[in-house]
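Since the structure comes first, as structure tokens, the remarks are kept for the end.
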Number of protein chains: 2
Amino acid sequence: MSDRLYQPSDPAAAFQPHDHRHCSSAALDAAEARLARQGARLTPVRRRTLEILLESHRAMGAYEVLDRLAAEGFGRQPPVAYRALEFLVSHGLAHRLQRLNAFAACLNPGHDHNPAFLICRSCDRVAEAEAAPVRAVLSDVAAAAGFRVERATIEALGLCASCAAEGAA
Amino acid sequence: MSDRLYQPSDPAAAFQPHDHRHCSSAALDAAEARLARQGARLTPVRRRTLEILLESHRAMGAYEVLDRLAAEGFGRQPPVAYRALEFLVSHGLAHRLQRLNAFAACLNPGHDHNPAFLICRSCDRVAEAEAAPVRAVLSDVAAAAGFRVERATIEALGLCASCAAEGAA
DNA sequence: AGCTGAACGTAATGCTATAACAAATCCTTG
DNA sequence: CAAGGATTTGTTATAGCATTACGTTCAGCT
């Protein structure tokens, strides 16, 4: 029962066993607080969508989410999932992973809303890492070309510590 | 006639007027040399695909390329374009832009094969920037989480110098 | 109760990408 | 040169991702 606590500020934790019920409900609480502040509504579909994403540290495709929603009595057409996902993304509660055409719950809403993503190619789990220093360098490189960076996609594919320890190639 | 020369090492140039015939044919020459070294063949479809990408500094969707190829007597089914594009990408002659689901010619084959991309949201042109320093920081950040980066997608969306000068918002 | 705007549901469609297979071409090697 | 294997091109079909358009429902307000 005394599993280690998930600390969103520690990306390594996402790849290791942790008290997932805790990290999941913490994110849900943070989400509710955040939306209340913004005056936005966490309706049943939206809430359920977030819960589904929170069940794992993996990224899920929109249709995978849709299947789950449909099975639970929500609509079964693509816009149902896309709308809920888009709402979550635009309110900082989830992220879209360009490389995977997929979505993942934000594990630390209210902190760094444009993290770098670490995607393990072996276990498929996704962690968020502090992107500020990376962005800073990118902005410098771009500035040298007279380019002003507004948004940046930073996604790393590789091997997480757990999988490396287990001897994954 | 004496337009300024395009220097692939200077990303700003991609966004400015330059002797595009030169930068295009230079890339084509470099491509041929490179493939010869690798023992790969630049067949007609592949060559034409590269030329099409080289016509602009923009990224093109696979179907946009396909339309052009079909109009010129090549096959008109998706795999025709996807195969040629995949060949170019895997041989370092073109890049795929995750954010746009599109492809752009590599303007400096044989140099930095995993650049950062600067995508102007106003003129849609794409430049390649030196990604090494950015990757270095990203690897450090990831290493702190025990994650080993193998490949990284780094794409910046923003405003290029030319568009900023023209007063684009 | 009646109004209004947000949210939800469905149908239809478009865009992106790949699997599977057949025909043509190239490159050996005898 | 002929035979055989590998590569390339082409086609059909289908899978996977995403959006447009439109009607209905529902919360919140007057």
Side-chain angles (χ1 to χ4, degrees), chain A residues 31-32 35-36 38-53 58-91 93-104 119 124 153 155, chain B residues 31-32 35-36 38-53 58-91 93-104 119 124 153 155:
Chain A
E32 278 178 341
L35 289 180
Q38 295 178 349
R41 294 163 49 204
L42 190 61
T43 61
V45 210
R46 291 169 178 174
R47 185 188 177 93
R48 196 67 198 103
T49 300
L50 181 54
E51 287 171 354
I52 289 169
L53 289 181
R58 292 185 311 106
M60 297 179 76
Y63 279 73
E64 199 179 343
V65 171
L66 179 59
D67 284 346
R68 296 282 308 275
L69 292 174
E72 297 176 20
F74 295 100
R76 41 185 65 259
Q77 306 304 321
V80 171
Y82 280 100
R83 275 196 291 241
L85 290 166
E86 212 242 17
F87 171 87
L88 296 175
V89 169
S90 68
H91 287 80
L93 306 177
H95 302 287
R96 168 180 231 131
L97 291 144
Q98 305 286 345
R99 243 194 130 95
L100 306 176
N101 291 322
F103 302 81
I119 308 165
D124 273 338
T153 302
E155 299 177 0
Chain B
E32 279 179 340
L35 290 180
Q38 295 179 348
R41 295 161 50 202
L42 190 60
T43 61
V45 212
R46 291 170 179 173
R47 183 189 179 92
R48 196 69 199 102
T49 300
L50 180 53
E51 288 172 354
I52 289 168
L53 289 182
R58 291 185 312 107
M60 297 179 75
Y63 281 73
E64 200 179 343
V65 170
L66 179 58
D67 284 345
R68 296 284 307 272
L69 291 173
E72 297 177 21
F74 294 101
R76 44 183 64 258
Q77 306 305 322
V80 170
Y82 279 100
R83 276 197 290 241
L85 290 166
E86 212 241 17
F87 172 87
L88 295 175
V89 169
S90 68
H91 287 81
L93 306 177
H95 301 288
R96 168 179 233 133
L97 290 145
Q98 307 285 346
R99 247 198 125 96
L100 308 176
N101 291 323
F103 301 82
I119 307 166
D124 271 338
T153 301
E155 298 178 358

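The sequence lines fix the lettering, A, B, ..., with proteins before strands; numbering per chain opens at 1. Keep in mind that the numbers below use all heavy atoms, side chains included, and drop hydrogens, waters and symmetry copies.
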Can you tell me the distance, in whole Å, between the [atom1] atom of [X] and the [atom2] atom of [N]?
| X | N | atom1 | atom2 | value |
| --- | --- | --- | --- | --- |
| A/F74 | D/dT25 | CZ | P | 18 Å |
| A/H91 | C/dA7 | NE2 | P | 8 Å |
| A/Q98 | C/dA17 | CD | P | 12 Å |
| A/L35 | C/dA6 | CG | C1' | 15 Å |
| A/R48 | C/dC8 | CZ | C1' | 18 Å |
| A/E72 | C/dG9 | CD | P | 12 Å |
| B/D67 | C/dC15 | CG | P | 10 Å |
| A/R99 | C/dA17 | CZ | C1' | 16 Å |

- With a 4.5 Å limit on heavy-atom distance, are the side chains of A/L85 and A/L53 in contact? yes
- Selection: residues 77-88 of chain A, any non-hydrogen atom under 4.0 Å of DNA chain C: A/Q77, A/P79, A/V80, A/R83
- Item | NZ/NE/NH1/NH2 to OD/OE distance under 4.0 Å, A/R47 and A/E32 | yes
- B/A62 vs A/R76, nearer the 5' end of DNA chain C by closest nucleotide: A/R76
- Query: How many angstroms lie between atom OG1 of A/T153 and atom CD1 of B/I119, to the nearest 0.5 angstrom?
  - Reply: 7.5 Å
- Query: Roughly how far apart are A/R76 CZ and A/L66 CG, rounded to 0.5 Å?
  - Reply: 8.0 Å
- Take B/T43 and A/R96, find for each the nucleotide of DNA chain D with the closest heavy atom, and name the residue whose nucleotide sits nearer the 5' end. B/T43
- Per nearest nucleotide of DNA chain D, the residue lying toward the 5' end, A/R41 or B/V45, is B/V45
- Ignoring hydrogens and angles, are the base of C/dA17 and the side chain of B/Y63 linked by a donor-acceptor pair under 3.5 Å? yes
- Under the ring pair (Phe, Tyr, Trp, His ring centres under 6.0 Å) test, residues paired with A/F87 that sit two or more places apart: A/H91
- Between B/R48 and B/R68 the two heavy atoms that sit nearest each other are NH2-NH2, 3.9 Å
- Message: For B/A59 versus B/L100, what's the shortest heavy-atom pair and its separation?
- Response: CB-CD1, 4.0 Å
- Message: For a quick test of reading the model: is some side-chain N or O of B/N101 closer than 4.0 Å to OP1 or OP2 of C/dA17?
- Response: yes
